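Working notes, structure below.
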Amino acid sequence: MKVHFFNSDGREMQEFKPITEGKVGIYCCGPTVYNYAHIGNMRPYTFEDVLRRTLEYAGYDVTHVMNVTDVGHLTDDGDEGEDKMIKASREKGMSVWDIAEFFTEAFFRDTDRLNIRIPHQVCKATEHIQEMIDLVRTLEEKGYTYTAGGNVYFDTSRFPSYGKMAGLDKQDLQHGARTAVDENKKNAQDFVLWFTNSKFEKQAMTWDSPWGVGYPGWHLECSAMSSKYLGPHFDIHCGGIDHVPVHHTNEIAQSEAANGCKWVNYWLHNEFIIMKNGKMSKSKGGFLTLQDLVDKGYDAMDYRYFLLGGHYRSQLVFSWESLDAARSARESLIRKTIQLKKSSTPAAVESFSPEARKVMDDFISHISQDLNTPRCLADMWSTLKNSELQDGEKLGLLLEMDKIMGFRLAEAEETEESPEEPLDKEIEDLIGQRQEARKNRDFAAADKIRDDLLARGIQIIDSPDGVQWKKI
RNA sequence: GGCGCCGUACCCAAGCGGCUAAGGGAGUGGAUUGCAAAUCCAUCAUUCAGCGGUUCGAGUCCGCUCGGCGCCUCCA
């Protein structure tokens with residue numbers, strides 16, 4: 001199974017070739033845990049989950065590493081910035097450590113609800129300060145740094161290929177267009193490796209270093225931790241497309257300067273989720289969290305379905321209408337899967353008929369072509385409609401495809417209609433009364449009971465197997 | 001000012017030079033049902049923002065126009 005990805009470095013489709021046969025190391029930029037993640041933030045983790053599942057399906061031994069930024073991420077990159085963690089701490093009246101723990105837990109609750117697998121290695125910035133200091137020291141020894149105004153800067157003029165991936169050399173950048181220019185910098189694109197000259201009051205998180213007490217620049221952690229867990233040269237680095245010009249550009253510069261070798265072979269970047277009136281962002285306010293969707297009655301998996309309905313490199317516009325469509329489709333997919341489970345047992349992959357084999361191969365070729373999840377979704381539906389397949393094969397195919405899509409089809413059961421709630425007795429009685437009325441062909445009374453229950457959020461569903469109900 | 005992306009049916013969205021333009025949602029007609037729900041069958045773009053060009057052949061490549069969006073040190 002050959003896998004192709006669009007590599008941001010070079011901006012072209014490339015066949016994936018691992019550095020070490022049979023193995024692949026992936027590093028993903030993780031959350032900065034100073035607030036709840038909004039639904040746009042969940043896109044990269046969802047696409048990375050599909051990436052990982054695809055590579056695992058292809059037989060690779062995957063090592064998936066993700067950082068948790070719990071320090072050093074400034075509201076801007078100049079000396080005027082404020083650490084996001086500290087800002088949140090001040091605003092919420094909690095210690096920075098509690099803030100980090102609280103929002104880290106919230107983050108993993110969300111990824112779990114989206115059926116996103118936990119990375120093999122989740123590393124916190126605050127637990128790798130020494131590695132970051134070592135990295136800065138290496139850069140210093142190799143002459144890539146300078147100190148000014150108390151801070152240690154990376155000298156981008158010493159790194160000729162700076163900004164190559166982002167195409168920065170071709171751009172006429174308007175520096176200071178949105179932030180104040182840092183007068184200490186020799187070059188506009190230089191960035192801070194270590195802060196000691198903090199203007200922040202009550203800086204809660206500081207560490208001793210060869211340059212004085214301070215804290216790391218926020219690009220440092222990804223370079224330091226990825227090298228620690230994946231080595232100085234690894235296969236895939238993922239993140240949001242917004243990271244290309246600055247964060248990833250700086251990561252490449254400091255990593256390659258320090259390690260003296262190529263750092264990452266494949267860069268995969270996801271596009272943004274857009275709201276109708278433009279992009280969703282924390283600073284603009286009004287962002288939605290996964291919990292907001294759940295509170296409105298959606299299943300978190302509806303959002304996963306929505307995300308996979310668009311290609312990860314295309315902007316996807318979020319709207320309630322689209323989420324409704326995703327919910328309808330997903331619920332239908334689950335229902336049909338349950339039906340198949342009732343009527344058959346899943347065929348094993350090894351015993352697939354030629355037709356089933358072909359359907360599976362098509363699916364594989366689509367996911368292998370830069371994770372074409374919309375096409376893969378279509379493949380799932382085509383499988384259901386394929387009259388040349390036996391039910392057992394359809395089920396086997398769907399479960400096999402779901403190893404990559406991750407809609408939890410294997411666990412799908414008729415639990416939604418399970419009468420196990422406290423109000424059971426009363427509802428059972430009402431349903432019994434309604435059945436009695438129906439038997440007597442008193443449909444007015446029967447419908448009244450159904451309407452009353454519906455008003456209370458209980459939906460009655462008549463089926464050949466009897467009456468079922470569920471909360472809505 | 002610079003860099004880049006997009007415009008496909010009512011909505012979302014694949015397609016990246018060549019069979020009758022995937023798939024989902026919504027809708028419509030029919031079957032089934034006391035009625036609903038679910039399910040099943042059928043139906044739903046002679047056309048891909050517009051105009052030129054390249055080609056035997058173009059949503060698919062090139063140019064221009066119109067429209068929408070992102071980035072250029074907060075951002076996934």
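None of the values given here were measured: they were computed from a predicted structure. Throughout, a chain's letter reflects where its sequence line sits, starting with A, and its residues are numbered from 1.
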Point to revise | Side chain to side chain, A/Tyr27 and A/Cys222, heavy atoms closer than 4.5 Å | key: yes
Revision key, fill the gap. Applying side chain to side chain contact (heavy atoms under 4.5 Å, CB included) to A/Thr373 and not counting sequence neighbours gives A/Val50, A/Leu308, A/Ile367, A/Met405
Check your understanding: Can A/Phe272 be classed as stacking with the base of B/A76, given a centroid separation cut-off of 5.5 Å and a plane angle cut-off of 30°?
Key -> yes
Review point. Taking the inter-plane angle between the rings of A/Phe234 and A/Trp263 on a 0 to 90° scale, is it parallel (under 30°), tilted (30 to 60°) or perpendicular (over 60°)?
Key: perpendicular
Check your understanding: Among all residues two or more places apart in sequence or in another chain, which pass the side chain to side chain contact (heavy atoms under 4.5 Å, CB included) test with A/Ala257?
Key -> A/Leu139, A/Tyr144, A/Phe154, A/Phe159
Exercise for review: Take the protein atom CZ of A/Arg450 and the nucleotide atom C1' of B/U33, then report the distance between them rounded to whole Å.
Suggested key: 11 Å
Review point. Parallel, tilted or perpendicular: which fits the ring planes of A/Tyr266 and A/Phe5, with parallel below 30° and perpendicular above 60°?
Key: perpendicular
Practice item. List in numerical order all residues of residues 386-396 of chain A for which some heavy atom is under 4.0 Å away from an atom belonging to RNA chain B. Key: none
Practice item. Report yes if at least one side-chain N or O of A/Lys336 is closer than 4.0 Å to OP1 or OP2 of B/A38; otherwise report no. Key: no
Check your understanding: Nearest to the side chain of A/Ile461 - B/G34, B/C40, B/A37?
Key -> B/A37
Review point. Of the nucleotides B/C35, B/A38, B/C12, which one has an atom closest to the side chain of A/Arg335?
Key: B/A38
Practice item. Check RNA chain B against residues 102-120 of chain A and give the residues with a non-hydrogen atom under 4.0 Å, in numerical order. Key: none
Review point. Looking at A/Glu48 and A/Gly239, what are the two nearest heavy atoms and their distance?
Key: OE2-N, 3.9 Å
Check your understanding: Do A/Arg438 and B/G34 share a donor-acceptor pair, side chain to base, under 3.5 Å?
Key -> yes
Review point. Mind checking what makes side chain to side chain contact (heavy atoms under 4.5 Å, CB included) contact with A/Ser382, not counting sequence neighbours?
Key: none
Exercise for review: Give A/Leu316 one of three labels, base, sugar-phosphate or nothing, depending on what nucleic acid heavy atoms sit under 4.0 Å from its own.
Suggested key: sugar-phosphate
Review point. Could you write nucleotides 14-25 of chain B as a row of B, S and -, 5' to 3', where a protein heavy atom under 4.0 Å of any base atom gives B, of only sugar-phosphate atoms gives S, and otherwise -?
Key: SS------BSSS
Practice item. Rounded to the nearest angstrom, tell me the gap between atom CZ in A/Phe306 and atom P in B/C11. Key: 16 Å
Exercise for review: Would you please name every residue forming a side chain to side chain contact (heavy atoms under 4.5 Å, CB included) with A/Thr249, sequence neighbours left out?
Suggested key: A/Tyr162, A/Ala166, A/Leu168
What N/O pairs connect the protein and nucleotides 29-32 of chain B at under 3.5 Å? Give each pair on its own line.
none

Study note, to complete from the structure: A/Leu453 CG to B/A37 P, in whole Å, measures 18 Å
Review point. Can you find a pair of side-chain heavy atoms, one from A/Asp110 and one from A/Asn41, that are under 4.5 Å apart?
Key: no
Exercise for review: Using whole Å, report how far CD1 of A/Ile274 lies from P of B/G4.
Suggested key: 19 Å
**Study point:** ring-ring contact (aromatic ring centres under 6.0 Å, His included) partners of A/Phe443, counting only residues at least two apart
**Key:** none
Exercise for review: Fill in the dot-bracket string of RNA chain B, one character per base: . for unpaired, | for a pair to another strand, ( ) or [ ] for pairs within the strand, taking Watson-Crick or G-U pairs under 3.5 Å.
Suggested key: ((((((((.[[[..)..(....]]].(((((.......))))).....[[[[[..)....]]]]])))))))....
Practice item. Identify, with sequence neighbours excluded, every residue that meets ring-ring contact (aromatic ring centres under 6.0 Å, His included) alongside A/His248. Key: A/His237, A/His243, A/Trp267, A/His269
Review point. Quick one: ring-ring contact (aromatic ring centres under 6.0 Å, His included) partners of A/Phe6, sequence neighbours excluded?
Key: none
